[in-house]
Amino acid sequence: MEIAGIKISHPDKIIFPDLGLTKGEMVEYYEKISEYMLPHLKNRPLTLLRFPDGIEAEGFHQKNVFDYFPDFISRVEVPTESGNKMQFYCDSLESLIYFANQGTVSFHTWLARQDRLNEPDKVVFDLDPPDNGDFEEVKESAQLIKKYLRKKGKKPQLMTTGKTGLHIWYPAQRVKTFDERRDVIKSMALELEEMYPELLTTEVRIENRENKIFLDYLRNAYGQTSVCPYSLRSNASAGVATPLEWSELSAIDSADHYTYQNIFRRLGQK
DNA sequence: GCTCTTA
DNA sequence: TAAGAGCAACGCCGC
DNA sequence: GCGGCG
Ligand SMILES: [Mn+2]
Ligand SMILES: [Mn+2]
């Protein structure tokens, strides 16, 4: 098996046991989704979530390039607390298929692009419901946050994460650093928590969240990542992070409404 | 998935 | 020859 | 400075 010039190893290996979904099928998924996904990946440093032995085995995160990565993988030097690291991004079908063949199930991207690492072009509010949380409350929270952001003149967008939560994000001009945006973003999150105290919490410590939805505004910082649109997720249903129109939200009953199995039906009809 | 270390 | 380890640590928060 | 968190 060969896709985009990449020789696919062990195409019959099972990656998602509950669905019987194989590595070959996963790679084909990323080939088919590439026209939708690549624009979101382009120029954004990445964290790969790799499960070479399937999602029920131990996986690992990867953010630094391995020596054996081929030359066509685009590199970017990233300053960190512990020194400069050579990281990478995905800007072609070839690299997307290469990463998938490496056992990558999920792609998590920066909110800033490779050429200006400290100036985000997106602001994200990540809604993380508690274990056994009610998805209807996540939907309600998303609508309330949408209304709040619109009142502030923003253009909030919606995405299912493919697991249990939703993302609400809006585009930003690359004129401020993460640090320069932090105070405003944090005060919006705190105000939302104050407006809807039954629904939302910004408590970092789980034991203080009282089973409310964690309004995770902390993604909006240097070096942090969140799941990329159209990435598969490492859950049994092979959920897909799916951008939605706001009008579609009422008809959705879970964050993994769209999956490997039905995402192309949706994209076909759009 | 792949490499490197150690046995 | 094979088994086992490593592969993210970073940035933030609140204490 | 440290543990917790994603
Ligand atoms: Mn989340
Ligand atoms: Mn989160």
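Everything numeric here is computed off the predicted structure, so don't read it as measured data. Just so it is clear: chains get the letters A, B, ... in the order the sequence lines come, proteins before strands, and each one is counted from 1.
In this structure, Tyr217(A) contributes its side chain and Val123(A) its backbone to no donor-acceptor pair below 3.5 Å. Distance alone, capped at 3.5 Å, is enough to place a donor-acceptor pair between the Arg209(A) side chain and the Glu203(A) backbone. The closest donor-acceptor contact from the side chain of Asn101(A) to the backbone of Tyr98(A) lies at 3.5 Å or more, if one exists at all.
Ring centroids of Phe107(A) and Tyr230(A) are separated by 6.0 Å or more, keeping the two rings apart.
One interatomic measurement links the two molecules: CZ of Phe69(A) to C1' of dC2(B), which rounds to 10 Å at whole-angstrom precision. In this structure, CZ of Arg50(A) is placed 8 Å from P of dC2(B), rounded to the nearest angstrom. Atom P of nucleotide dC2(B) and atom OH of Tyr98(A) are separated by 7 Å, given to the nearest angstrom. Going from atom CG of Leu46(A) over to atom P of dC7(C) covers 19 Å, rounded to whole Å. At whole-Å resolution of the value, CZ in Arg209(A) and P in dC5(D) are 7 Å apart. Atom P of nucleotide dG1(B) and atom CD1 of Ile97(A) are separated by 15 Å, given to the nearest angstrom. Here dG4(C) presents its P atom at 14 Å from CG of Asp53(A), a figure rounded to the nearest Å. Per the geometry, NZ belonging to Lys7(A) stands 11 Å off P belonging to dC2(B), to the nearest Å.
The only option from Thr201(A), Leu200(A), Asp128(A), Leu166(A) that meets the side chain to side chain contact (heavy atoms under 4.5 Å, CB included) definition with Ile213(A) turns out to be Leu200(A). Applying the ring-ring contact (aromatic ring centres under 6.0 Å, His included) test between Phe88(A) and each of Phe72(A), Trp110(A), Phe66(A), Phe99(A) identifies Phe99(A) as the sole match.
Within the 4.0 angstrom heavy-atom criterion, no nucleotide atom of any strand lies near Thr225(A). Among the protein residues, Asn101(A) comes within range of the sugar-phosphate backbone only, with heavy atoms under 4.0 Å from sugar or phosphate atoms but none that close to a base.
Comparing the same atom, P, in dC5(D) and in dC7(C) gives a spacing of 23 Å after rounding to whole Å. dG6(C) sits 24 Å from dG6(D) when the P atoms are compared, rounded to a whole Å. Distance noted for atom P between dA8(C) and dT3(B): 16 Å (whole Å).
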Summary of protein contacts for nucleotides 8-15 of chain C, nucleotide by nucleotide, where a base hit scores B, a sugar-phosphate-only hit scores S (4.0 Å, heavy atoms): BSBSSSS-

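Across all their heavy atoms, Ile168(A) and Pro156(A) have their closest contact at CG2-CB, 3.8 Å.
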